[in-house]
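In what follows, a structure is listed as structure tokens, so that the remarks can point back to it.
Residue numbers begin at 1 in each chain, while the letters A, B, ... track the order of the sequences.
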Amino acid sequence: MIGRIPFLRPAPFHSRFLPFAILNAMPRYNPAEIEPRWQAYWAENRTFACPEMPDLSKGKKRYILDMFPYPSGDGLHVGHPEGYTATDIACRFARMNGDSVLHPMGFDSFGLPAEEHAIRTGEHPRVQTARNIDNFTRQLKMLGFSYDWDRTIATTDEEYFRWTQGIFLIIYDTWFDPETRTGRPIGELPIPAAVNDQGSDAVLRYQDTYRLAYQDDALVNWCPALGTVLANEEVIDGKSERGAHPVQRLPLRQWMLRITSYAERLLDGLDDLDWPTGIKKLQQDWIGRSSGAEVDFFIGRDATALDLWRKARASSGFPATPTSDSLRVYTTRPDTLYGATYMVIAPEHPLVDRLTTADQKSEVDTYRSKASFKSDRERTEGDRAKTGVFTGSSAINPVTGKPIPIWVADYVLATYGTGAIMAVPAHDDRDFEFAVQFRLPVVAVVDPPMSLVNRDEVLAGHACFIGTGKAINSGSFDGLETESVKAAITQELSIHGIARAAVNYKLRDWLFSRQRFWGEPFPVAHEVDDQGKLTGIKRAIPEQQLPVLLPQLADFKPHGRPEPPLEKAADDWLYVTIDGKRHKRETNTMPQWAGSCWYYLRYIDPRNASALVDKAKEKAWMPVDLYVGGAEHAVLHLLYSRFWHKVLYDRGYVSTSEPFGRLINQGMILGEVEFTGFQSAEGKWVSSNKLRRDADGNRTDEHGNPVTSISVDESLVEKSGDSFVLCSDPAIRIDSRAHKMSKSRGNVVNPDVVVREYGADSLRLYEMFMGPLEATKPWSMTGVGGVRNFLDRVWRMIVDDRADTLTLSPHVADVRCDPEQARVLHSTIRKVTEDTASLSFNTAIARMMEFTNHFTRCDVRPREAMEAIVVLLSPYAPHIAEELWSLLCEGKQAAQGCASLQTWPKWDEAALVQASIELPVQVNGKVRAKIQVAPDANDEIVMQVALADSRVGAAIDGKTIVKSIVVSGRLVNLVVK
RNA sequence: GCGGAUGUGGCGAAAUUGGCAGACGCGCUAGACUCAGGAUCUAGUGCCCGUUAAAGGGCAUGGAGGUUCAAAUCCUCUCAUCCGCACCA
């Protein structure tokens, strides 16, 4: 429970402002009046309409994109405008520099919450989605973003998901050719003669096993609470990403996309992308490439059979699939093969039954059924002590020739590698832990460096060493370094048909079907026979019949079984005739990721009825030059859309191999900093460093009495040392922390409220002024007041706020800047230009504040400077800039146009030159004096001036100068003794 | 456990990439204008010593070392916080 103690909060802005507004002279800066007026002007004049094709005669093409939002019922969050404002500034800046800009916005509107709402209320998801989109649109327009609203799309639009289904069919029509490493039409898949002879159905079935979209019985993550299966990516700690409901493993027939075929290219493609290294790393880890070897171990102990097996292998070579008399493992450390003292197979491994001997059967069966009931969550929970049972069988270590036992244990995953491992306890800590627990032998085969403290223990088999070193106990490989042994052993065993070099990925194929209503239906149907049974043959819905619309459905409720709601559709939807044969439609729907995988392409040509995107337009606009969004999409959306894009690239639909050239993740905006104190039941304060936790995890004081956390006002605390204490009782320590915004915490900031009280320009400017775009930063309402204050100052710098109509301030005059004003003006133009280009918006704003501080103090404010600052400000605070621009241009020709269409100002280097500059003079690294020199003074002259300074003289008096450094234009440092 | 990021005043932050630490904003203090002010304007504001006041001096970028004429910035170790991943052989 979070309690609150009463304290004084300032009254809302409007109520404390209104009485004075009446008393004060008009017109003051009133965003509530200005902002809607200019938004209407932009809409009416289509000021920000994107060109169909870029005009490269004036500038570059710039495709600047925001990750489109899911239109939730809660409306915009202040986190949304952060990224949107950043891209908006970048776009406005680019346009003013002559670039052709594509800047669209849309909605990722399929998804679970709308369906859950429908289940709760009975309202069709379409209705709620439309309402939410309207609300989002209103909020986005209220913030003055320069989107081309004619290009907007929603993934739930029929004309949009017609193409999502179309792309699915392209993927379905593609197989991955490992020779060329590209996706090719399924018609080009070579069909073996034996298959061809069996007729067209056999060919179809054969092709199905190669398609990038295929059906498979997969162990899926079935979430009973949500009534759907989820992708691996949507399961966190064994719970659903959405709602944190428990997830079970269940075998089900599901659609999969063969993303693993593209693993290598998805990895390679990262190299050329201008993305944050952290995101690249996350994708690399998710793809999880490792290289090593696959090794076959002969099963059994029979020497004659082993001999035969060896001979057979030597002549046949390494078989593509393991023969029934061998157990195949994958290892990244083939160099440790001599140290493999036992083997482990996953409980789900197909060979478990065959390897289990009669006397071990009951034990293994018990273990296996227990493991199958364990969810992933339980498997990974707790101390993760190793468990396992012996199968009773053994295999032959191919290099030592010795028999080693085969165990079943759930620390080996069925879904990675071959589902079986060779265990090298001396050099793998998991194997070591297992070996210790079950008293299995440990043989060191890598000699750790002499510097390793427990080297002797490792050599004696009492400790584990996972690093590299020289091989020992490894026959003819002794003395070689790890890397050489890896290659040599793999090579040696390859010759004998026992091993081969292999690469493995953590990435799994993408589970692409969902048992939901509110998603894109699959454009595929299953052939049924006369009895209404599925024949196993699938056919694509013909292109001209797309889109496959969702059926009318009486209710959306899931039934707790993994069976899609679309099964309840009427027969006239469910059954369809293709090629004269009766088919039943696929009743799964696509996951929410589908629509977001390609929306950036549709924006380029959003109303095209005959293609997903026009080729010439695609070539002109792609790739996206700047993509801004939250880091939560680091692996999911960004990996999926790269995969789709590469398939479309291979199939000739797009011209670039990667969709997003540059990516920026805006940092999260946290709630306001909270000061939290703790009180016991009797109301006594408890210092936060004396808190304990009881058995249930509840906070208590040092005596075990329960305490309550209390939000304390900032004014009641003071800094003491490196923490905060209560002013009234400095012995009590208070925690200060900013938390994520959440409804339960009650610290969510609503953009509507901020706009109402401070204006959209203030919200935009504040979010950019808070700190670097990528940084996580806490909200501060007084900080919003600070930038509002700045805009008020800009207003008063230009507007006469004692007049009763909008009138230019008498200080603004048609004169030239004096040299000091010119220097401030041109250095501001330079700084704002450079910082805007590099997305360093916070420092650009700081510089505009300095400009305003300087010119506010000037009695004469040259019009040229005022016009320049208004133009510089316009990408950041476009509404006030338009209003001030219209005032500055009054009486001039209408040709001046609005501020948003002005040319970006250029700075004049000559104006930046100063008559003299100040240089610090250091003696032994400490500043002792400041001297004035000409900016182009050479080192000798600078030195002379420095030595002539009396304070410098005093500092070096009686000492000898050992060394003197002059850094031109920077400083002078004298080293004395 | 592994990986990544971050650490600078009371707070958000800046620092031309090794060259005057703390720009700009919030907050705070004082003054001016005011019947009034949480409006506006002016001045001050890292910490410590020092003095009536100055002048001066010292210490400061999580901590400890190092490189350098010079370190917030580079190197080594270490601590803390946040975010990912989590038996991937």
Side-chain angles (χ1 to χ4, degrees), chain A residues 10-11 13 16-17 19-21 23-24 28 236-237 276-279 281-282 285-286 288 290 292 329-333 336 344 379-380 384 386 409-413 415-418 420-424 428-431 433-434 504-508 631-632 634-635 668 670 673 714-715 717-719 722 724 736-738 766 769-772 774-787 789-790 792-793 796 801 831 834 840 842-843 845-850 853 856-857 918-927 930 962-965 967 969-976:
Chain A
F13 195 87
R16 65 188 203 244
F17 216 60
F20 312 117
L23 290 176
N24 276 304
R28 55 183 315 123
I236 294 162
D237 281 342
T277 49
I279 301 294
K281 188 105 193 12
L282 277 173
D285 289 351
W286 193 263
S290 72
V329 303
Y330 170 73
T331 177
T332 54
R333 291 294 298 270
T336 60
V344 184
R379 277 204 197 184
T380 55
R384 266 193 268 174
K386 298 281 183 290
D410 67 4
Y411 83 92
V412 170
L413 306 175
T415 46
Y416 182 78
T418 62
I421 61 156
M422 63 176 211
V424 186
D428 181 287
D429 35 27
R430 297 152 301 183
D431 296 345
E433 197 191 319
F434 192 81
N504 244 303
Y505 299 93
K506 286 197 227 176
L507 186 70
R508 315 285 160 77
E632 67 271 19
V635 278
M668 205 192 325
L670 305 176
V673 174
E714 197 180 344
S715 62
V717 299
E718 63 188 2
K719 186 93 177 181
D722 49 5
F724 287 90
S736 82
R737 215 154 96 99
Y766 171 65
F769 186 60
M770 291 170 89
E774 294 95 329
T776 304
K777 43 218 173 246
W779 186 266
S780 155
M781 217 43 112
T782 54
V784 185
V787 293
N789 205 2
F790 161 64
D792 282 329
R793 283 162 61 79
R796 288 194 304 268
D801 64 351
K831 180 78 174 154
E834 289 170 353
S840 309
N842 53 333
T843 49
I845 295 166
R847 184 64 211 181
M848 290 191 273
M849 289 173 169
E850 287 184 78
N853 290 344
T856 299
R857 277 189 282 263
E918 190 185 66
L919 283 192
V921 180
Q922 299 181 333
V923 176
N924 286 347
K926 293 206 165 70
V927 180
K930 304 223 166 144
V962 184
K963 193 168 183 181
S964 57
I965 295 111
V967 184
R970 291 265 144 251
L971 54 54
V972 177
N973 192 6
L974 303 170
V975 185
V976 299

Distance between the [atom1] atoms of [N] and [M], in whole angstroms?
N	M	atom1	value
B/G18	B/G9	C1'	24 Å
B/G58	B/U52	C1'	23 Å
B/C24	B/G44	P	11 Å
B/C11	B/A64	C1'	28 Å
B/A80	B/C28	C1'	29 Å
B/U16	B/U73	C1'	13 Å
B/A13	B/G62	P	14 Å
B/A70	B/U17	C1'	15 Å

Between [options], spot the one nearest the side chain of [X], thanks.
X	options	result
A/Thr782	B/C24, B/A89, B/C26	B/C26
A/Asp410	B/C87, B/C20, B/G25	B/C87
A/Val927	B/C24, B/C20, B/G27	B/C20
A/Thr843	B/A15, B/G12, B/G19	B/A15
A/Glu918	B/C41, B/C20, B/A89	B/C20
A/Lys930	B/A89, B/C20, B/C41	B/C20
A/Pro778	B/U40, B/G12, B/G19	B/G12
A/Arg970	B/A89, B/C24, B/U16	B/U16
A/Lys386	B/C87, B/A23, B/C41	B/C87

Subject >> Test: A/Lys386 cationic atom under 6.0 Å from A/Phe434 six-membered ring centre, within 45° of axis >> reply: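 So A/Lys386 doesn't make the cation-pi contact.
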Looking at [X], does any N or O in its side chain come under 4.0 Å of the phosphate oxygens OP1/OP2 on [N]?
X	N	result
A/Asn842	B/G25	no
A/Tyr411	B/A89	no
A/Arg737	B/C82	yes

When all nucleic acid strands are considered with a 4.0 Å heavy-atom cut-off, which category describes [X]: base, sugar-phosphate, or nothing?
X	answer
A/Lys926	sugar-phosphate
A/Ser290	sugar-phosphate
A/Asp431	nothing
A/Ser780	nothing
A/Asn789	sugar-phosphate
A/Asn504	nothing
A/Arg847	nothing

Between [X] and [Y], is any pair of side-chain heavy atoms under 4.5 Å apart?
X	Y	value
A/Val972	A/Ile965	no
A/Met422	A/Thr336	yes
A/Val787	A/Met849	yes
A/Asn853	A/Arg857	yes

Original post:
What string of B, S and - do you get for nucleotides 64-73 of chain B, 5' to 3', if B is base contact, S is sugar-phosphate-only contact and - is no contact with any protein heavy atom under 4.0 Å?
Top reply: -----BS---
Between atom [atom1] in [X] and atom [atom2] in [N], what is the gap in whole Å?
X	N	atom1	atom2	value
A/Ile845	B/G12	CD1	P	18 Å
A/Met668	B/C83	CE	C1'	8 Å
A/Lys777	B/C82	NZ	P	19 Å
A/Phe790	B/A23	CZ	C1'	15 Å
A/Leu971	B/G19	CG	P	9 Å
A/Met849	B/A23	CE	C1'	12 Å
A/Glu632	B/G84	CD	P	10 Å

For the backbone of [Y] and the side chain of [X], can you confirm whether one donor and one acceptor N or O come within less than 3.5 Å of each other?
X	Y	value
A/Lys777	A/Pro772	yes
A/Ser840	A/Thr843	no
A/Asn924	A/Val976	yes

**OP:** Give the intermediate values and the outcome of side-chain contact (heavy atoms from CB on, under 4.5 Å) for residues A/Thr331 and A/Val424.
**Re:** CA-CA 10 Å; A/Thr331 177; A/Val424 186; over 6 Å; no
Original post:
Does any donor-acceptor pair link the side chain of A/Arg857 with the base of B/U42 at a separation under 3.5 Å?
Top reply: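 Check fails, no donor-acceptor contact within cut-off.
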Subject >> Glycosidic conformation of B/G9, taking syn as within 90° of 0 and anti otherwise >> reply: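 In terms of base orientation relative to the sugar, B/G9 is syn.
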**OP:** Syn or anti for B/U42, please, going by whether the chi angle lies within 90° of 0.
**Re:**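 The base of B/U42 is oriented anti (glycosidic angle more than 90° from 0).
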**OP:** Take A/Asn973 and A/Lys963, measure what side-chain contact (heavy atoms from CB on, under 4.5 Å) needs, and give me the verdict at the end.
**Re:** CA-CA 8 Å; A/Asn973 192 6; A/Lys963 193 168 183 181; over 6 Å; no
**OP:** Show your reasoning for whether side-chain contact (heavy atoms from CB on, under 4.5 Å) applies to A/Asp428 and A/Arg333.
**Re:** CA-CA 10 Å; A/Asp428 181 287; A/Arg333 291 294 298 270; over 6 Å; no
Subject >> A/Asp792 and A/Arg796 ion-paired at < 4.0 Å >> reply: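 No, no charged N to carboxylate O under 4.0 Å.
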Write down the protein N/O and nucleotide N/O pairs, taken from nucleotides 3-6 of chain B, whose separation is under 3.5 Å; answer none if there are no such pairs.
{"from": "B/G3", "atom 1": "O2'", "to": "A/Lys281", "atom 2": "NZ", "distance (Å)": "3.4"}

Original post:
For RNA chain B, which ranges pair as stems of 3 or more consecutive Watson-Crick or G-U pairs, with both donor-acceptor distances under 3.5 Å?
Top reply: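 Paired runs of 3+ in RNA chain B: B:1-7 with B:79-85, B:10-12 with B:24-26, B:27-32 with B:40-45, B:46-49 with B:56-59, B:62-66 with B:74-78.
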**OP:** Could you say whether A/Tyr766 or A/Tyr505 is positioned toward the 5' end of RNA chain B, judged by the nucleotide with the nearest heavy atom to each?
**Re:**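 The residue mapped nearer the 5' terminus is A/Tyr766.
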